[in-house]
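Only heavy atoms go into these numbers, but all of them, side chains included; no hydrogens, no water, no symmetry mates. A note on names: the letters A, B, ... follow the listed sequences, proteins ahead of strands, and every chain is numbered from 1.
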Amino acid sequence: MQALLDINGFYANAELVFDPKIRGRPVVVLTNNDGCICAVNQAAKDAGVGKKFVPYFQVKEDLQRVNAVVRSSNYELYADMSRRFMDTCSRFAPNSHIYSIDECFLDFGSSHSAPPEGWDAYGRYMRRTVWKEVRLPIGVGIGPTPTLAKAASHAAKRIEGFNGVAVIDSDHVRRSILSQMELTDVWGIGRRLAARLELLGVKNAWQLAECDPGWIRKQFSVLVESTVYELKGIKKLDWDEVRAPKKEIYSTRSFGQRVMDKASLRQAILTHVGIAASKLRDQNSLSGHMVVFGANSPHDNAPYYSRSFTHKFPSYTSDTTLLSAAASRLVDQIYSRGIRFYKVGVGLLDLVREDTYQRDMFTINKDKPELMACLDKINGRYGRNSVFVAGQGVEQKFSMRREFLSKQYTTRLSDLPVIKCK
DNA sequence: TCTGGGGTCCTAGGACCC
DNA sequence: TCTGGGGTCCTAGGACCC
């Protein structure tokens with residue numbers, strides 16, 4: 001059996017943990033640069049301001065009207081709360097897998113035998129324990145495959161009667177839950193696939209589960225075919241595949257303000273190179289191919305401008321200085337006078353594992369692994385960007401707009417909550 | 001005053017080469 | 001006189017996830 005534990009409205013509820021004054025009020029959290037709403041608590045949903053990924057400025061007045069608390073994304077806080085949540089989760093099962101910042105899969109192995117108290121009771125125990133230790137509300141979904149565990153967790157939160165825990169352990173329950181789920185509620189089925197499925201007469205999750213996998217493969221792809229198998233209770237997703245090193249790594253961000261000069265564009269792009277390269281070394285990979293891109297805003301009143309250029313490395317590398325030099329040359333191609341750049345980014349593609357990569361004896365290897373190891377070690381200890389390539393710019397001026405930022409309650413000494421006793 | 005997220009994987013189609 | 005194949009690389013953008 002598999003379990004999925006996921007935090008309800010994670011960022012919004014994380015804001016409540018160390019700030020008792022705002023409990024009970026609607027809370028919404030904004031994305032980078034305070035652009036869109038990305039997380040909401042139950043009170044915000046109840047107040048009718050719970051829609052995600054709408055631009056903040058469009059709903060600002062609605063939020064004021066219901067006296068909502070608005071917060072910028074406090075990643076320092078969320079990352080630490082996520083770590084605490086994952087720590088607690090890892091005690092519940094022999095194997096756990098961190099799927100995203102607020103979701104943890106637990107693998108109870110091939111045995112279908114329930115714990116002595118039964119799956120439902122165990123699910124409630126896990127939920128209670130996370131609340132007790134981390135003060136975050138979660139949903140628990142349990143089922144024979146990851147996709148069904150995900151469906152159960154959907155039911156735990158959205159279908160009345162489950163109260164936070166749902167277990168798919170019989171065909172009867174499987175049918176009942178899937179019949180009440182839209183196609184887009186199924187993991188791996190988005191808006192477009194759902195529309196195509198509906199044209200073929202498949203209207204909900206249960207009907208998808210009943211499809212012939214071979215037919216689905218012909219109409220769509222092996223990925224959708226796997227989803228159908230998983231909905232039937234036949235396991236196709238494997239954590240080894242999920243855990244496999246990434247094939248592409250990106251770092252991209254929109255600017256707090258539009259950028260129009262080449263020097264700033266270069267600094268921003270080199271900053272992304274630094275972030276992507278550090279992720280690359282984290283997974284012990286080398287990159288053979290880099291893509292750098294920049295664009296203006298599709299919302300600006302100007303013709304859409306978007307350019308991307310690639311560079312192929314003579315020899316696979318993970319060295320920030322070599323990646324930066326190549327990216328710096330591509331900036332000249334991306335830059336164009338008069339364009340109000342809104343977003344830039346860097347992708348590292350064609351990744352290979354460092355330990356199996358056979359170096360080419362005819363190419364001079366300019367990598368400086370000792371320097372990179374040293375850089376990673378210093379940044380790991382003293383915080384990201386303690387040491388960086390000078391091309392990123394010493395002012396570090398691309399800070400995000402975070403107007404409504406809460407404190408770093410758990411990671412900065414001066415921000416520790418204080419309880420005063422009389 | 002002005003404001004619209006970030007990441008990964010995959011593929012269509014054009015350009016170019018032999 | 002007119003016609004014709006197959007592979008690789010690159011850019012753009014779709015689709016999905018949170």
Novice: Looking only at the side chains, is there a donor atom on one of A:Ser285 and A:Gln283 sitting less than 3.5 Å from an acceptor on the other?
Specialist: yes

Novice: Between A:Lys246 and A:Phe57, which residue's closest nucleotide on DNA chain B lies nearer the 5′ terminus?
Specialist: A:Phe57

Novice: Starting at CZ of A:Phe293 and ending at P of C:dT11, how long is that distance when rounded to a whole Å?
Specialist: 13 Å

Novice: When the distance from CG of A:Leu223 to P of C:dA15 is rounded to whole Å, what number comes out?
Specialist: 14 Å

Novice: Does the ring center of A:Phe341 lie less than 6.0 Å from the ring center of A:Tyr305?
Specialist: yes

Novice: Counting the atoms with a prime plus P, OP1 and OP2 as sugar-phosphate, which does A:Leu30 contact under 4.0 Å by heavy atoms, base, sugar-phosphate, or nothing?
Specialist: nothing

Novice: Checking contacts here: which listed nucleotide (C:dC10, B:dG4, C:dC18) is nearest the side-chain heavy atoms of A:Glu103?
Specialist: C:dC18

Novice: Closest nucleotide of DNA chain B for A:Asp300 versus for A:Lys247: which of these residues is on the 5' side?
Specialist: A:Asp300

Novice: Phosphate oxygens OP1/OP2 of C:dG14: is one of them under 4.0 Å from a side-chain N or O of A:Arg191?
Specialist: no

Novice: Classify A:Ile101 by what it touches in the nucleic acid, base, sugar-phosphate, or nothing, heavy-atom distance under 4.0 Å.
Specialist: nothing

Novice: Counting the atoms with a prime plus P, OP1 and OP2 as sugar-phosphate, which does A:Gly188 contact under 4.0 Å by heavy atoms, base, sugar-phosphate, or nothing?
Specialist: sugar-phosphate

Novice: In terms of the angle between their ring planes, are A:Tyr99 and A:Phe105 parallel, tilted or perpendicular, with boundaries placed at 30° and 60°?
Specialist: perpendicular

Novice: Could you tell me whether A:Glu403 and A:Lys60 have a side-chain N and a carboxylate O separated by less than 4.0 Å?
Specialist: no

Novice: Look at all strands and tell whether A:Ser73 reaches a base, only sugar-phosphate, or nothing, counting heavy atoms closer than 4.0 Å.
Specialist: nothing

Novice: Would you say the side-chain atoms of A:Thr317 and A:Asp319 include a donor-acceptor pair closer than 3.5 Å?
Specialist: no

Novice: From the list C:dC10, C:dA12, C:dC18, which nucleotide is the closest neighbour of the side chain of A:Ser308?
Specialist: C:dA12

Novice: Kindly say if A:Ser254 contacts the phosphate of B:dG6, meaning a side-chain N or O under 4.0 Å from OP1 or OP2.
Specialist: yes

Novice: Figure out the CZ/P separation between A:Phe220 and C:dA15, and round it to whole Å.
Specialist: 12 Å

Novice: Can you tell me how far C1' of B:dG7 sits from CG of A:Leu351, to the nearest Å?
Specialist: 13 Å

Novice: For the side chain of A:Tyr99, starting at C-beta, report the closest nucleotide among C:dC18, C:dC10, C:dC16.
Specialist: C:dC18

Novice: To the nearest Å, how far apart are A:Arg192 CZ and C:dG14 C1'?
Specialist: 8 Å

Novice: Between A:Asp350 (CG) and C:dT8 (P), how many Å, whole number?
Specialist: 14 Å

Novice: What is the nucleic acid contact for A:Phe53, judged by heavy atoms within less than 4.0 Å: base, sugar-phosphate only, or nothing?
Specialist: base

Novice: Which nucleotide in the set B:dG4, B:dT8, C:dC17 lies at the smallest distance from any side-chain heavy atom of A:His299?
Specialist: B:dG4

Novice: Who is the Watson-Crick or G-U wobble partner of C:dG5, with both distances under 3.5 Å?
Specialist: B:dC18

Novice: Please find out if less than 6.0 Å separates the ring center of A:His311 from that of A:Phe313.
Specialist: yes

Novice: Check this one for me: any side-chain N or O of A:Lys150 less than 4.0 Å away from OP1 or OP2 of C:dC18?
Specialist: yes

Novice: Nearest to the side chain of A:Lys312, heavy atoms from C-beta on, is which of C:dT11, B:dG4, C:dC10?
Specialist: C:dC10

Novice: Remember a base hit wins even if backbone is also touched, and classify A:Val59 as base, sugar-phosphate or nothing at under 4.0 Å, heavy atoms.
Specialist: nothing

Novice: Under 4.0 Å, heavy atoms only, any strand: does A:His289 hit a base, just the sugar-phosphate, or nothing?
Specialist: sugar-phosphate

Novice: Which listed nucleotide (B:dG4, C:dA12, C:dT11) is nearest to the side chain of A:Arg307?
Specialist: C:dA12

Novice: Within the pair A:Trp187 and C:dC16, is there a side-chain N or O less than 4.0 Å away from OP1 or OP2?
Specialist: no

Novice: So, does A:Ser100 get its side chain near the phosphate of C:dC17, meaning an N or O under 4.0 Å from OP1 or OP2?
Specialist: no

Novice: What is the distance from CG of A:Asp102 to C1' of B:dG6, rounded to the nearest Å?
Specialist: 14 Å

Novice: Using the six-membered base ring of B:dG6, report whether A:Tyr250 stacks on it, requiring centroids under 5.5 Å and planes under 30° apart.
Specialist: no

Novice: Classify the side-chain pair A:Ser328/A:Arg266 by whether it contains a donor and acceptor separated by less than 3.5 Å.
Specialist: yes

Novice: With a 4.0 Å cut-off on heavy atoms, is A:Lys279 in touch with a base, just the backbone sugar-phosphate, or nothing at all?
Specialist: sugar-phosphate

Novice: We want to know whether A:Glu76 and A:Thr411 form a side-chain donor-acceptor pair, criterion being a heavy-atom distance below 3.5 angstrom.
Specialist: no

Novice: For a quick check of understanding: with a heavy-atom distance under 4.0 Å over all strands, which category does A:Arg258 fall into, base, sugar-phosphate or nothing?
Specialist: sugar-phosphate

Novice: Expressed in angstrom and rounded to an integer, what is the separation of A:Tyr342 atom OH from B:dT3 atom C1'?
Specialist: 10 Å

Novice: If you check every side-chain atom of A:Glu248, which of C:dA12, B:dG5, B:dC10 has the closest atom?
Specialist: B:dC10

Novice: In whole angstrom, give me the gap between the C1' atoms of C:dG4 and B:dC18.
Specialist: 14 Å

